[in-house]
Amino acid sequence: MFQIFRFFSNNKSILLFLFLEFVSLVFIFRSHSYHQSKYITSTNRLSGYLITKSHNIKSYFGLKEKNNDLVLENVILKNELERLKQLNRPVSMLSVDTIRKYKFVSANVIKNSYHKRDNILTLDKGTLDGVKPNMGVILPQGIVGITINVSEHYSTVVSILNSKTSINVKLKKNKHFGSLQWNGKTYKTAQLLDIPTQSNLKVGDTLVSGGQSIFFPEQIPIGIVSKIEVKNRNYERIDVQLFEDLSALHSVYVVVNKFKDEQKELEDKSESQMNHE
Amino acid sequence: MSKEILKYIFLLLLLPVLQEMIFNNINLFGYVNPTIFIVFVFIFPVYKNKTWILLFAFILGLSIDFLSNDNGINAFALVFIAYFRLTILKFIRGVSFDDVDEIDIKHLENLVMVFWIAIVTFIYSFIVFLLEQFNFHLLGQVLLKTILTSILTSLLLIFGMQLFNNKKSNVW
């Protein structure tokens, strides 16, 4: 017994070293499964406070770009409004199911990240503003990611610049579906996978969000196909140039899908029924 | 000793704030940020056992992880260099292994100091980026990030510590 005690006291440093490294590794490995990345996040009050302060200082320097972005978005919305007026129908009647289905909550990105393999962002909105885990986060011209951890005032978002994200997209011209993932190289391009060869894909084709996802509305512009590598008549690699610059995120919209739970429940139910048979 | 420890506890609170408010916004070439908080490992005094520095390094690393959504990567790397900092120093100076505790890190020769900071910073950055990518296929990218980040960090640390060294009597 005494010898055990002496062994511990003689090797105190190395034992403590190994213990602390082990604890860190547990944190790191846990985070590598999607749903467990909730141990060390910036959604706690203290970190949230600090990065909000830091963001407030930074945001002064980006006011001009921010303004330009807003003007640009306004133009797009105005054009859309004009187009709808031309159709001579009341706006609210036209996309009635879309209006009912989705609600948008605006939020600021107080912590951006785009140079890691698995990027996670922090927003300044949380449960008090109606944000919950597993909600889509979008921009006028693109998709940012999906929320995972939400506290009262803050939430973290798994970026599309993350190895665990896969976004359902479709070709604007012929509605063929594929999924968008990121290979970790540059934040300007993502990779398109699982698209059928009969989709007749060409460089310059536009991709929009598909309607199969419960996180995002349909038809959000995402990017254009910038490079296609073909091998044995199959697509080897397809690069997609993203419309939005994910290195300069200011304001984003969180998508509240009112029917998400209903749709999810139905899908899960059907799946379990299929498995039973 | 307890008074000295208080000083480093203060530093423990200050460094994450400085890192987040200032040094994480440098974004050289779009993504290179100096990790100046590792200065802690270079200025923490040498004690007989490593308990204090290991615990402090772990807490500091975790605070950085909390701020940057990094899940323990910085804690791992910081504890690692905190444990091996003197081994590396001895390796650079070529001193025999038994005078570990007598190294006075406040009065190192300039050249030794520069090499020490550069090597430890390199190791730190390499561990962080490797764990972050979690993928050996992207080793080229990991090395590039490591080299750029550690050069920037080392330069800032060497420059900054030189500044502090001159006024050491009244600051520390």
Side-chain angles (χ1 to χ4, degrees), chain A residues 9-10 12-32 36-44 46-48 50-51 53-55 57-58 61 111-122 148-149 156-159 163 183-188 247-248, chain B residues 13 16-25 27 29-33 47-59 61-80 82-84 100 127-135 137-138 140-142 145 149:
Chain A
S9 83
N10 282 348
K12 212 160 61 180
S13 295
I14 187 141
L15 287 174
L16 180 64
F17 169 68
L18 291 175
F19 172 72
L20 293 177
E21 294 294 59
F22 175 75
V23 174
S24 315
L25 279 180
V26 169
F27 283 138
I28 296 168
F29 279 95
R30 286 243 163 156
S31 74
H32 278 266
Q36 285 179 321
S37 29
K38 47 180 69 163
Y39 292 95
I40 300 179
T41 87
S42 54
T43 52
N44 68 74
L46 194 63
S47 323
L50 199 58
I51 57 181
K53 282 275 171 261
S54 166
H55 167 78
I57 297 169
K58 266 180 282 173
F61 299 105
K111 179 88 193 176
N112 194 8
S113 162
Y114 53 91
H115 59 260
K116 298 176 190 166
R117 178 67 188 97
D118 293 317
N119 293 290
I120 291 177
L121 325 173
T122 311
I148 40 166
N149 295 315
T156 49
V157 177
V158 183
S159 168
S163 58
N183 65 5
K185 290 267 161 67
T186 147
Y187 62 88
K188 286 171 186 157
S247 71
Chain B
L13 298 172
V17 179
L18 277 182
Q19 179 69 32
E20 177 55 36
M21 297 289 239
I22 300 167
F23 295 99
N24 274 356
N25 302 322
N27 291 329
F29 309 124
Y31 61 84
V32 182
N33 286 324
Y47 293 124
K48 268 259 179 311
N49 67 52
K50 293 175 174 162
T51 315
W52 281 113
I53 188 164
L54 288 177
L55 284 177
F56 278 17
F58 185 69
I59 296 167
L62 268 193
S63 334
I64 299 290
D65 286 325
F66 269 111
L67 287 168
S68 52
N69 294 315
D70 259 342
N71 292 307
I73 290 174
N74 287 298
F76 182 88
L78 208 60
V79 170
F80 188 87
Y83 189 79
F84 288 109
V100 198
I127 296 174
V128 167
F129 291 127
L130 196 64
L131 287 175
E132 210 172 83
Q133 297 285 351
F134 227 71
N135 191 340
H137 295 297
L138 299 167
Q141 215 178 342
V142 170
K145 274 186 186 174
T149 307

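To find a chain, count down the sequence lines: A is the first, B the second, and so on, and within it residues start at 1. We use all heavy atoms of the structure for the numbers below, so side chains are in, but hydrogens, waters and symmetry mates are not.
Here the CG atom belonging to L131(B) is positioned 4.5 Å from the CD1 atom belonging to I28(A), to the nearest 0.5 angstrom. Considering OG of S54(A) and CG of N24(B), their distance stands at 7.5 Å, rounded to 0.5 Å. Here CG of N69(B) is found 11.5 Å from OG of S159(A). Values are rounded to the nearest 0.5 Å. In this structure, CG on L20(A) lies 6.0 Å from CG on L54(B), to the nearest 0.5 angstrom. Rounded to the nearest 0.5 Å, atoms CG (D118(A)) and CG (N71(B)) are 9.0 Å apart.
With a threshold of 4.5 angstrom between heavy atoms, N74(B) does not approach chain A through any atom at all. Contacts between N119(A) and chain B at a heavy-atom distance below 4.5 Å are absent for every atom of the residue. In this structure, no portion of F22(A) lies under 4.5 Å from any heavy atom of chain B. At a 4.5 Å heavy-atom cutoff, S63(B) makes no contact with chain A through either its backbone or its side chain. With a 4.5 Å cut-off on non-hydrogen atoms, F129(B) does not touch chain A at all. The contact between F84(B) and chain A is made entirely by side chain atoms (from C-beta outward), counting heavy-atom distances below 4.5 Å. For a residue to count as touching a neighbouring chain, one of its non-hydrogen atoms must lie under 4.5 Å from one of that chain's; by this rule I14(A) touches chain B with backbone and side chain alike. Residue I53(B) does not touch chain A at all, counting heavy-atom pairs closer than 4.5 Å.
Applying the side chain to side chain donor-acceptor pair (under 3.5 Å) test to T149(B) and every residue at least two apart in sequence or in another chain returns nothing. The salt bridge (charged side-chain N to carboxylate O under 4.0 Å, His left out) test applied to K145(B) returns no partner, not counting sequence neighbours.
Between F27(A) and D65(B), the closest side-chain pair of non-hydrogen atoms is not below 4.5 Å.
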For the pair Y83(B) and L16(A), evaluate side chain to side chain contact (heavy atoms under 4.5 Å, CB included) and give the outcome as yes or no after the intermediate values. CA-CA 10 Å; Y83(B) 189 79; L16(A) 180 64; over 6 Å; no
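The choice from E21(A), K12(A), H115(A) that makes the most heavy-atom pairs within less than 4.5 Å of chain B is E21(A).
Classification of E20(B) and K111(A) as a salt-bridged pair holds, one side-chain N sitting under 4.0 Å from a carboxylate O.
Summarising the geometry of E132(B) relative to K116(A), their closest heavy-atom pair is OE1-CG, 3.1 Å, with the distance given to 0.1 Å.
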